[in-house]
Every structure is written in C-alpha cells, then in structure tokens.
Amino acid sequence: MTSIEPRVEVVSPTRARFQVRSFDLHTTLSSGQTFRWRSTGTGWTGVVAGRPVILRPTEHGIEAEASVPVADWSWLTQYLRLDDDFEAVMDSFPDDEPMRAALMSCCGLRLIRQPAWECLVSFICSSTKQIVQIEQCIELLSQRFGSPLVSFPGHEPVWDFPTPEQLVMAGETNLRACKLGFRAPYVLAAAKSVQTGRLNLVELESMTTSEARTALTTLPGVGPKIADCVLLFAYGRQDAFPLDVWMLRGLAALYFPRRRPSPKRLRDFADTHFGPWAGYAQQYLFHYARRHRPDLRTRKAKAS
DNA sequence: AGCCAGGCCTGTG
DNA sequence: CACAGGCATGGC
C-alpha cells in the first residue's frame, strides 16, 4: 500500500502547519468515528496523545495549535493519517453509482488513527446510543476519571481520556453515573482485562485481522460490529467493515434495490466488493447514508 | 408520545 | 441460521 511523507511546517513552539489536500476537518471530526472533538467556530478542539490541540483549516491544509510546546509533531500526523496516499485510496473505490454519490457529497472525509483503548471504550458505549449520547458519555468519563491537562488560556479545563486503571478505580456505580447504563459492566470488564494484561492491545497490532477480532470479541459487550470499529478506527485494518444499522439499510437500499438481501449476503458483499481500502469506503457510505439520505433513516428503507 | 439509537447477550424455533 | 426480547437512557 502506498504512503506519502507528510509535509510539516513548524511556525512556533506551539504551532505547526500541515500541507494536505482533501482533508475536511468538519466532515471528518463529526462523522461518528471520534467523540471528543468540539467545534469552536474557527476550529476544532480535542485531545490527542494526551495533548490538548486546536485544529483549523487553512488554504493549503491544516494548522495545529498545542497548549504546551511541541518538539515533534509526529503524534499528530499519525493521528490524522497524513501518510495515507488519499488519491490512491479514492482511486481504489469501485466505480459504481452509490460510491460516486458518496464521494461527491462527502468531499474530504478521512479516517483517523485513534488510540486503541479510547476507541474500544467509545464503541462499547456506542451500542444502541445516538452519536450525541456517546459524546456525552465519553466527556463525562474524561472529566470525572481522567488526568487533568494544561488547557488553553481562557478555555474550559481539559482532561485526558482515563486509563484502564482509572476506570477500574472508578467502579461500576460511578461508571453507570456517566450514563453508561447496561454498558457500565462491559467497560469495567474491558478495563480489568487490559489492566491485568489478559488482553494486550499492543499485541493486536501483530495479529491478523481475524485473530485480532477474535481477541476483541472475547470481551463481554464486544461483538463483531464493535470489534470492526476498533480494528478500522484504531488499528487501520482496511479489511474491517463495520456493519451497523445504517450500513445494513444503506447497502440494501443502494446496492440491492427492491430485493431482500439477508444479513449474511450483505456481510459477504461488504467483504468482497470494495477493494483494498474497503474500510475507507465504508466510512464514505456510512456518512453519506446518515447525512445525505434521510430516506434511509427508517427501518423500512426503500430505494430512491 | 412514541419510536429508535454506529449492538450484544440469551434463549428459542 | 433467523428471529425475539431485554437492556439504560434520552434525542428528535
């Protein structure tokens, strides 16, 4: 798979500019793959690798401002996947009508490379919740159990995402109070598994996608969909193609109009039709269905 | 008001 | 394998 060298221009101890094309911050950071970014009008504030950071679009890419001096910006270029050869990614998508529509209406949508632990907890919290509710849960967990960070002058206080140890210390009752509901024991079990080393999130990097999926789904509350989200959004596995309610409806309506494909058929289609960057294609179709096809919002979605 | 949410688990045909 | 019900909580 081809990759490119990110172009970084350091403009001050706390600021850098990244030259990149086809990267829409708004579309990307509100696409339901991350849950801690907030729009501040001119930019987006978030926490990456324990550093509060503000991202703003510029004429030639993205400008980043950190709350403390930064010697090496590679933590951010990795997070933003600026080494992806994005032209090659888009060229790899199948040339069919749904993909063309998704590409047209989701210009600059990118995948992010998230820390595995935060990603795992986020998607454990995601089951039968709307994206705004997931954001609330993750914010509450961070505020109550994460370590405080140095914020920007005049900005709200910021906390790091809590470690497994911090969530174990919190206990199930306090996790429940973050609106986790029945997911609280699942998050606690995941925290204990990682803390004790029973599940080593670093070791997953060297496994095949199938092996890593099996390891993740041993956790209670983690089934194939959540595992695929973690594999795609944290481990960059392009053969992970999360099938949630939106994707099942979207694939059926867009690719199998007036037929009734079984879930198994859709699974097989997802795994074979989209090429080497299938995970990326999935994100385009998900965002397209959710944002631009309100007719797919109901359970009985019809083809247009 | 009531349906449903980037699901999963358990139990049944 | 397919489907049903339950699960907390709240947005729209």
Side-chain angles (χ1 to χ4, degrees), chain A residues 27-37 102 106 109-112 114 116 118-141 144 172-190 193 213-235 237 240-254 259-270 274 278-301:
Chain A
T27 303
T28 299
L29 299 179
S30 64
S31 68
Q33 53 178 321
T34 67
F35 303 98
R36 288 202 72 189
W37 290 95
C106 309
L109 174 60
R110 297 276 195 140
L111 281 183
I112 296 299
Q114 299 178 50
E118 177 174 343
C119 187
L120 174 60
V121 174
S122 298
F123 281 96
I124 289 176
C125 293
S126 77
S127 73
T128 42
K129 272 189 180 296
Q130 298 178 151
I131 289 174
V132 284
Q133 295 175 290
I134 305 167
E135 291 171 347
Q136 288 176 22
C137 291
I138 299 307
E139 187 58 32
L140 284 171
L141 288 175
R144 296 183 181 179
E172 184 178 326
T173 303
N174 288 323
L175 294 181
R176 229 171 242 281
C178 296
K179 306 183 180 180
L180 294 201
F182 63 84
R183 307 156 195 84
Y186 297 155
V187 170
L188 185 58
S193 286
R213 182 181 293 116
T214 300
L216 286 169
T217 51
T218 61
L219 294 171
V222 179
K225 188 273 173 182
I226 290 175
D228 278 352
C229 284
V230 176
L231 290 169
L232 179 60
F233 300 139
Y235 293 93
R237 302 302 176 95
F241 194 110
L243 279 182
D244 70 324
V245 289
W246 281 101
M247 288 305 301
L248 289 171
R249 286 178 209 160
L251 289 180
L254 297 171
R259 281 179 278 171
R260 293 213 170 266
S262 66
K264 195 171 183 58
R265 176 76 188 95
L266 291 171
R267 179 73 266 173
D268 184 61
F269 180 75
F274 293 99
Y280 236 113
Q282 179 275 159
Q283 193 63 12
Y284 269 85
L285 291 170
F286 172 77
H287 197 262
Y288 171 65
R290 197 168 72 90
R291 283 292 169 77
H292 302 280
R293 290 295 297 263
D295 57 307
L296 302 179
R297 180 171 291 280
T298 58
R299 287 192 180 278
K300 297 171 199 160

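The figures here come from the full heavy-atom set of this structure, side chains too, leaving out hydrogens, waters and symmetry mates. Since the structure is predicted, the reported quantities are computational estimates derived from the model, not experimental observations. Per chain, numbering begins at 1; letters A, B, ... match sequence-line order.
Distances were taken from every side-chain heavy atom of A:I226 (C-beta onward) to each of B:dG7, B:dG6, C:dA8; the shortest belongs to B:dG7. In this structure, the nucleotide among C:dA8, B:dG6, B:dG7 sitting nearest to the side chain of A:Q282 is B:dG6. Here B:dC4 is the nucleotide among B:dG7, B:dG6, B:dC4 with the atom lying nearest to any side-chain atom of A:R249.
Residues A:L219 and A:C229 each lie close to DNA chain B; by heavy-atom proximity, the contact nearer the 5' end of the strand is made by A:C229. Residue whose closest nucleotide on DNA chain B sits further toward the 5' end, between A:T217 and A:R290: A:R290.
At a threshold of 4.0 Å, the pair A:R265-A:D268 counts as salt-bridged, since one of the basic side-chain nitrogens sits closer than that to a carboxylate oxygen.
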Inset, instruction - Take A:R213 and A:R237, measure what side-chain contact (heavy atoms from CB on, under 4.5 Å) needs, and give me the verdict at the end. - result: CA-CA 11 Å; A:R213 182 181 293 116; A:R237 302 302 176 95; over 6 Å; no
Inset, instruction - Evaluate the side-chain contact (heavy atoms from CB on, under 4.5 Å) criterion for residues A:Q33 and A:Q114: first the C-alpha distance (whole Å), next the side-chain angles of each, then the deciding distance (0.1 Å), finally the verdict. - result: CA-CA 9 Å; A:Q33 53 178 321; A:Q114 299 178 50; 4.2 Å; yes
Inset, instruction - Given side-chain contact (heavy atoms from CB on, under 4.5 Å), test A:S30 with A:R291 step by step and report yes or no. - result: CA-CA 10 Å; A:S30 64; A:R291 283 292 169 77; 3.8 Å; yes
Please tabulate the protein-to-nucleotide N/O contacts below 3.5 Å involving nucleotides 10-13 of chain B, giving atom names and distances.
none

Polar-atom pairs under 3.5 Å, protein N or O versus N or O of nucleotides 10-12 of chain C: list them with distances, or write none.
unit_1 : atom_1 : unit_2 : atom_2 : d
C:dG10 : O4'    : A:Q133 : NE2    : 2.8
C:dG11 : O4'    : A:Q130 : NE2    : 2.7

Return the polar atom pairs (N/O with N/O) between nucleotides 1-3 of chain C and the protein under 3.5 Å, or none.
unit_1 : atom_1 : unit_2 : atom_2 : d
C:dC1  : OP1    : A:K264 : NZ     : 2.6

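With rounding to whole Å, A:K225 atom NZ is found 12 Å from B:dA5 atom P. Atoms CD (A:E172) and C1' (C:dC7) sit 13 Å apart, rounded to a whole Å. A:W246 has its CH2 atom 11 Å from the P atom of B:dG7, to the nearest Å. Between A:D244 atom CG and B:dA5 atom C1' the separation is 10 Å, expressed in whole Å. Spacing between atom OH of A:Y186 and atom P of C:dT9 amounts to 14 Å, rounded to whole angstrom units. Nucleotide B:dG6 holds its P atom 11 Å from the CZ atom of A:R183, rounded to whole Å. In this structure, A:L232 atom CG and B:dG6 atom P are separated by 17 Å, rounded to whole Å. Computed from coordinates, the A:L180 CG to C:dA8 P distance equals 12 Å when rounded to whole Å.
In this structure the side chain of A:I226 never reaches within 4.5 angstrom of the side chain of A:L219, judged on heavy atoms. Contact check for A:F241 versus A:R267: side-chain heavy atoms found under the 4.5 Å cut-off. Side-chain contact between A:E118 and A:R36 is present, with heavy atoms from C-beta onward closer than 4.5 Å. Looking at heavy atoms from C-beta onward, A:L180 lies out of side-chain contact with A:L140 at the 4.5 angstrom threshold.
For A:S193 (side chain) and A:A190 (main-chain N/O), no donor-acceptor pair under 3.5 Å exists by modelled atom type. Side-chain N or O atoms of A:R144 include one that pairs as donor or acceptor with a backbone N or O of A:A177 at under 3.5 Å.
C:dA8 and B:dT10 have their P atoms separated by 14 Å, given to the nearest Å. For the P atom pair drawn from B:dA1 and C:dC7, the interatomic distance equals 24 Å after rounding to whole Å. Comparing the same atom, P, in C:dA2 and in B:dG6 gives a spacing of 24 Å after rounding to whole Å.
Atoms CD1 and CG, on A:I112 and A:L29 in that order, are 6.0 Å from each other to the nearest 0.5 Å. Here CZ of A:R110 is found 7.5 Å from OH of A:Y284. Values are rounded to the nearest 0.5 Å. Atom CZ of A:R293 sits about 15.0 Å away from atom NE2 of A:H287, to the nearest 0.5 Å.
A:F35 comes within 4.0 angstrom of no nucleic acid atom, judged by non-hydrogen atoms across all strands. Among the atoms of the strands shown, only primed sugar atoms or phosphate atoms (P, OP1, OP2) are found under 4.0 Å from some heavy atom of A:S126. Within the 4.0 angstrom heavy-atom criterion, only backbone atoms of the sugar-phosphate kind lie near A:G223; the bases stay farther away.
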